[in-house]
Amino acid sequence: MFHKLKTLLDVKDRGSKQSHKTFDTIITPERSMYAIGDVHGCNDSLDRLLKQIDAEAAGDEAIVVVGDLVDRGPQSAQVLERLFTLTSEAPDDVIVLMGNHERMMLDFIDDPSGEGARWLLFGGLDTLSSFGITGVSERLDAEDALEIAHALEGAMPADMLAWLRALPLYWANGNVCCVHAAMNPDKPLARQSERTLLWGHAKFFKQHRADALCVVHGHTIVSQPSVLSGRIAIDTGAYKGGRLSAARLDMGSCRFLQA
C-alpha cells in the first residue's frame with residue numbers, strides 16, 4: 001500500500017477556504033499523470049516510488065520526472081541509466097525534463113575549464129563517483145578538467161549523452177505545465193526563458209498566474225509536497241534525508257505519494 005501524504009479531491013473548494021492571498025488551483029489534465037520530484041541520485045528512493053506507482057496505476061497514465069536527476073546523492077549513474085531505459089522503452093509514457101543540474105553537467109562536458117567548472121561545486125563530484133571516476137578535486141587545472149570531462153563522457157552508455165542534450169524544458173498536459181524550477185507569471189508557456197525554467201523566477205512564488213495554468217515544479221525544497229495558488233511543489237529533498245515525492249494528477253484532483 002502506497003503512502004498517502006494528503007488527498008485533495010476538491011482543490012477549488014480548498015482554495016476558497018484560504019485567505020485572500022491564496023487563489024484557486026485548477027487541475028484539468030487531458031491525461032492522468034504522475035509527476036516525480038528531484039531525484040538527485042537517490043536511485044533506491046526512485047525504485048520504491050516507481051513500484052508504488054506501478055502497484056496502483058491503471059497503466060495509461062503518463063509519468064514525468066521534473067529534472068535534477070543527478071548530483072548530491074550517491075547513485076546518479078544508476079538513476080540516469082534507469083530513466084534513459086524507461087524513456088527509450090516508453091517515450092510517450094515516461095517524460096524526463098532537464099534540470100539545472102543536468103544543464104551544469106552538460107556545461108562541464110562542453111567547457112570543463114570554463115563555465116562548466118562550477119558543476120563540481122554543486123554535486124558534480126558525487127555524480128563522477130557514481131560513474132567510477134574518483135579522486136577528483138573541486139578545483140582542477142584545464143588539462144585535468146578536460147581529462148575528467150572525457151572520462152565522464154566515455155563512462156556513459158551509448159546514446160545517453162545525446163538523450164541528455166535533448167531533454168525537454170517543460171511538458172504540458174491540459175492546463176498542467178511541468179517544469180523544473182519555475183515559470184514567469186507574466187508570460188505564457190511558449191515565451192518562458194530557459195533560465196527561468198531551470199533556475200527560477202523572482203515573481204514565481206509571489207504572483208499568481210492570470211491564465212489559470214497549474215505549474216508542477218521541483219528545484220525549491222519544501223518540507224511537504226503542496227498545492228498552493230496554482231503551483232504544485234514536489235521537491236522534498238530526497239538527497240538530504242527527506243523522501244522522494246510524486247503527485248498523482250487527475251481531473252480536478254491531486255494527491256501525493258512518497259518513498
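All values below were derived from every heavy atom in this structure, side-chain atoms included, with hydrogens, water molecules and symmetry-related copies excluded. Bear in mind that the values here come from a model prediction, so they are computed numbers and not experimental data.
- Thr236 places no side-chain N or O within 3.5 Å of a backbone atom of Pro225 that could act as its donor or acceptor partner.
- Closest approach of Cys254 and Ala247 over heavy atoms only: SG-CB, 4.1 Å.
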_Pair Leu189-Asp211, side chain to side chain contact (heavy atoms under 4.5 Å, CB included): steps then yes or no_ = CA-CA 10 Å; Leu189 179 59; Asp211 54 14; over 6 Å; no
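- Between Val70 and Val79, the closest side-chain pair of non-hydrogen atoms is not below 4.5 Å.
- Within 6.0 Å of atom CD in Glu147, 12 or fewer heavy atoms from other residues, nucleotides or ligands are found, so the atom counts as exposed in its surroundings.
- Remark: the backbone N or O of Glu30 is paired with a side-chain donor or acceptor of Asn173 at under 3.5 angstrom.
- Residues Tyr34 and Leu257 form a side-chain contact, since some pair of their non-hydrogen atoms from C-beta on lies under 4.5 Å apart.
- Residues Ala145 and Pro112 share a closest heavy-atom pair of O-CB, 3.4 Å.
- In the hydrophobic clustering of ILVMFWY residues, with side-chain heavy atoms under 4.5 Å counting as a link, Tyr239 and Leu83 come out apart.
- Here Asn100 contributes atom CG and His219 contributes atom NE2; the two are 5.0 Å apart, rounded to the nearest 0.5 Å.
- Looking only at side-chain heavy atoms (C-beta outward), Leu121 and Arg139 come within less than 4.5 Å of each other.
- Here the side chains of Leu50 and Leu86 are in contact, with some heavy-atom distance below 4.5 Å.
- With contacts defined as side-chain heavy-atom distances shorter than 4.5 Å, the pair Gln192/Leu197 qualifies.
- Atoms CG and CD1, on Leu69 and Ile36 in that order, are 10.5 Å from each other to the nearest 0.5 Å.
- The closest side-chain heavy-atom distance from Phe84 to Met156 is not below 4.5 Å.
- Taking the six-membered ring for Trp and thresholds of 30 and 60 degrees, Trp119 and Phe108 have ring planes inclined between 30 and 60 degrees apart.
- Taking CD1 of Ile221 as the start and NZ of Lys240 as the end, the distance is 4.5 Å to the nearest 0.5 Å.
- Rounded to the nearest 0.5 angstrom, Cys177 SG and Leu213 CG are separated by 4.5 Å.
- Listed by first and then second residue, the side chain to side chain donor-acceptor pair (under 3.5 Å) pairs that reach into residues 87-97 are Arg31-Asp93, Thr87-Trp163, sequence neighbours excluded.
- Across Thr25 and Leu228, no two heavy atoms sit closer than the pair OG1-C, 4.0 Å.
- Contact record, Ile234 with Ala35: CD1-O, 3.5 Å, taken as the closest heavy-atom pair.
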*asked:* With side chain to side chain contact (heavy atoms under 4.5 Å, CB included) as the criterion, how do Gln52 and Gln258 come out once you've worked through the C-alpha distance, each side chain's angles and the decisive distance to 0.1 Å?
replied: CA-CA 9 Å; Gln52 291 181 25; Gln258 289 190 307; 6.0 Å; no
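- A side chain to side chain donor-acceptor pair (under 3.5 Å) with Gln75 is found for exactly one of Asp44, Asn43, Thr127, namely Asp44.
- Met98 approaches Leu106 most closely through the heavy-atom pair CE-CD1, 3.9 Å.
- Take Lys51 and apply the salt bridge (Lys or Arg N to Asp or Glu O under 4.0 Å) test, not counting sequence neighbours, and it matches Asp47.
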*Would Thr220 and Arg231 count as a side chain to side chain contact (heavy atoms under 4.5 Å, CB included) if you check the C-alpha gap in whole Å, the side-chain angles of each, and the deciding distance to 0.1 Å?*
CA-CA 12 Å; Thr220 300; Arg231 299 180 301 269; over 6 Å; no
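- Pairing each heavy atom of Ser130 with each of Ala77, the nearest pair is OG-N, 3.0 Å.
- The backbone N or O of Gly99 lies less than 3.5 Å from a partner atom in the side chain of Glu102, making a donor-acceptor pair.
- When atom types are taken as modelled, the side chain of Asp235 and the backbone of Gly37 share no donor-acceptor pair closer than 3.5 angstrom.
- The distance from atom CE of Met183 to atom OH of Tyr170, rounded to the nearest 0.5 Å, is 9.0 Å.
- The hydrophobic clustering, which links ILVMFWY residues whose side-chain heavy atoms are closer than 4.5 Å, places Val222 and Val227 apart.
- With sequence neighbours left out, the salt bridge (Lys or Arg N to Asp or Glu O under 4.0 Å) criterion links Arg165 to Asp110.
- Side-chain atoms of Arg243 and Ser45, non-hydrogen and from C-beta on, never get closer than 4.5 Å to each other.
- His101 places none of its side-chain heavy atoms less than 4.5 Å from the side chain of Ser76.
- The closest donor-acceptor contact from the side chain of Asp141 to the backbone of Asp144 lies under 3.5 Å.
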_side chain to side chain contact (heavy atoms under 4.5 Å, CB included) between Ser32 and Arg248, worked out_ = CA-CA 8 Å; Ser32 293; Arg248 162 84 191 213; 3.6 Å; yes
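- Proximity of a side-chain donor or acceptor of Asn175 to a complementary backbone N or O of Thr28 within less than 3.5 Å is detected.
- A donor-acceptor pair is defined here as one N or O able to donate and one able to accept, closer than 3.5 Å; such a pair exists between the side chain of Arg209 and the backbone of Lys187.
- The distance from atom NZ of Lys203 to atom CG of Asp186, rounded to the nearest 0.5 Å, is 4.0 Å.
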